[in-house]
Amino acid sequence: MKNLILAIESSCDDSSIAIINKNTYECIFYKKISQENEHNQYGGVVPELAARLHTQALPQILDQCKKYFDQLCAISVTNEPGLSVSLIGGVAMAKMLAVSLNLPLIAINHLKGHIYSLFLEQSIKLDMGVLLVSGGHTMVLFVNNEGKISELIRTSDDSFGESFDKVAKMMNLGYPGGAIIENLAKQAKNNSLEFSTPLLHSKELSYSFSGLKNQVRLEILKQELSKERQCEIANAFQKTAIAHIMDKLSKIFKEYKFKRFGVVGGASANLSLREQIENLCKIYECELLLAPLEYCSDNALMIARAACEAYEKQEFVDICEDLINPKVQNLQGKL
């Protein structure tokens, strides 16, 4: 019986393919090849290098999926947002498979995919708030009972995850910066250093991390960076970045009586952030939804899960259409 959906994710620096049973949401196959080691020496993702590595990794993974081809009912792929040179590789492969296997093609916004990472093996729950924190995006969303997505707040400059990457780069610590800064923060012995929380006294519902990043830069320039000093700066930065997230979330929670609240995106793996959001949800008696740590960052399984819903709604796209929209800013429509 043809009830499997193959999904491809290549929006940035992770090459991933997954196969899911559209009826049970069971993961039949999943693999991801990370490019972190290759980009580490540059302190961030190099688009041209990412594109070349996708052309190597995706065919390697796809080769392991051939035994499932006769059970596939659709092909799905991330088409927005992301690096255009990275998206091209995944979309081209998806179109090739759709044509050669005579299957419908489904295009998935990978930000929606992140929301579905909360429901990988279960039916989706609507009427919820969502904090999406990643290397490219920071936003709070509301999904109503009908699945309509409304944006409540977003960053006006750097994202939460991006700010971690840039602070790590300023201290020559490598890439990606999230885990590096988090681990250093845990080792801090001196907690006296403090940075000012952005927009703390502003009524504006907006995030901004560029000013905090500049505070860190000026602090780094003051004296030589010892390991102890790096830990102190990492701790102060992380504490302030999370305080900024929580300050605005607290205001939103007062206005919206969320029944449940999800936290998604690569930067949602930060355990300190998770702990503080958990405490906030307890105060408001709100159910907290968290994606499994291994599926916080970009991955094809979340794209496959989103594709299950799209398949039921017959939301197919024309293979002749130019599907790539790398700079999409607004997450609109329905789940």
Side-chain angles (χ1 to χ4, degrees), residues 1-11 14-33 54 57-80 87 89-126 128 143 145-149 262 264 289 291-292 294-321 323-324 333-335:
M1 183 176 181
K2 294 190 174 186
N3 56 4
L4 304 184
I5 297 176
L6 183 146
I8 302 168
E9 158 61 31
S10 67
S11 62
D14 289 322
S15 305
S16 183
I17 295 179
I19 298 176
I20 196 171
N21 185 312
K22 70 176 179 64
N23 299 325
T24 64
Y25 310 136
E26 177 188 0
C27 176
I28 306 300
F29 173 89
Y30 172 74
K31 187 169 184 179
K32 180 170 82 170
I33 296 179
H54 281 308
L58 287 174
Q60 292 176 17
I61 304 174
L62 185 65
D63 191 57
Q64 302 174 42
C65 302
K66 290 181 178 178
K67 60 183 178 181
Y68 301 108
F69 280 6
D70 61 350
Q71 301 174 58
L72 296 178
C73 62
I75 304 296
S76 61
V77 64
T78 301
N79 73 311
E80 61 181 19
L87 290 167
V91 170
M93 174 176 281
K95 287 186 173 184
M96 177 273 294
L97 286 171
V99 170
S100 61
L101 299 176
N102 193 27
L103 295 173
L105 180 62
I106 302 170
I108 299 293
N109 178 303
H110 96 261
L111 301 183
K112 287 186 179 180
H114 277 302
I115 298 176
Y116 278 100
S117 69
L118 298 169
F119 309 104
L120 293 178
E121 296 181 349
Q122 58 181 297
S123 298
I124 192 168
K125 299 177 181 178
L126 299 177
M128 63 176 179
V143 184
N145 277 314
E146 298 177 350
K148 183 180 178 181
I149 303 170
V264 300
L289 304 174
E294 63 268 35
Y295 297 116
C296 287
S297 59
D298 297 343
N299 65 85
L301 188 56
M302 68 184 192
I303 303 304
R305 177 63 187 87
C308 292
E309 307 293 331
Y311 185 90
E312 291 303 311
K313 299 172 185 175
Q314 300 288 289
E315 294 176 346
F316 305 132
V317 295
D318 190 333
I319 60 170
C320 296
E321 183 181 346
L323 302 177
I324 297 174
K334 291 186 177 182
L335 286 184

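On a predicted model such as this, the values are computed, not experimentally measured, just so you know.
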Side chain proximity check, [X] to [Y], heavy atoms < 4.5 angstrom:
X      : Y      : value
Ile149 : Leu335 : yes
Asn79  : Val317 : no
Arg305 : Tyr25  : yes
Leu6   : Leu62  : yes
Leu323 : Lys95  : yes
Glu146 : Leu126 : no
Ile19  : Phe69  : no
Pro59  : Met93  : yes

Reported [atom1]-to-[atom2] distance for the pair [X] and [Y], which is rounded to 0.5 angstrom:
X      : Y      : atom1 : atom2 : result
Ile303 : Ile5   : CD1   : CD1   : 12.0 Å
Ile17  : Ile75  : CD1   : CD1   : 9.5 Å
Leu58  : Ile33  : CG    : CD1   : 8.0 Å
Thr78  : Asp14  : OG1   : CG    : 11.0 Å
Ser123 : Glu309 : OG    : CD    : 7.5 Å
Ile108 : Ile8   : CD1   : CD1   : 12.5 Å

Which pair of heavy atoms, one from [X] and one from [Y], lies closest together, and at what distance?
X      : Y      : answer
Ala300 : Ala18  : CB-N, 3.4 Å
Gly89  : Ser10  : C-OG, 4.3 Å
Ser15  : His54  : OG-ND1, 2.6 Å
Asp298 : Glu9   : CB-OE2, 3.5 Å
Gly113 : Met302 : O-CB, 3.1 Å
Leu118 : Ala291 : CD2-N, 3.5 Å

Show your reasoning for whether side chain to side chain contact (heavy atoms under 4.5 Å, CB included) applies to Leu97 and Val77.
CA-CA 11 Å; Leu97 286 171; Val77 64; over 6 Å; no
Backbone N/O of Leu87 and side chain of Ser11: donor-acceptor pair under 3.5 Å
no
Is the Tyr68 ring parallel, tilted or perpendicular to the Phe29 ring (thresholds 30°, 60°)?
tilted
Sorted by chain and number, sequence neighbours left out, salt bridge (charged side-chain N to carboxylate O under 4.0 Å, His left out) with Lys67 holds for none
Set out, in order, the CA-CA distance, both residues' side-chain angles and the distance that settles side chain to side chain contact (heavy atoms under 4.5 Å, CB included) for Ile28 and Gln71, then state yes or no.
CA-CA 11 Å; Ile28 306 300; Gln71 301 174 58; over 6 Å; no
Atom CD of residue position Gln64 - does it have more than 12 heavy atoms of other residues, nucleotides or ligands inside 6.0 Å?
yes
Does atom NZ of Lys66 have more than 12 heavy-atom neighbours from other groups under 6.0 Å away?
no
Residues two or more places apart in sequence or in another chain: which of them pass ring-ring contact (aromatic ring centres under 6.0 Å, His included) with Tyr116?
none
For Tyr30, which residues count as a ring-ring contact (aromatic ring centres under 6.0 Å, His included) partner, sequence neighbours excluded?
Tyr295
Ile106/Glu315 under side chain to side chain contact (heavy atoms under 4.5 Å, CB included): CA gap, chis, key distance, verdict:
CA-CA 7 Å; Ile106 302 170; Glu315 294 176 346; 5.7 Å; no
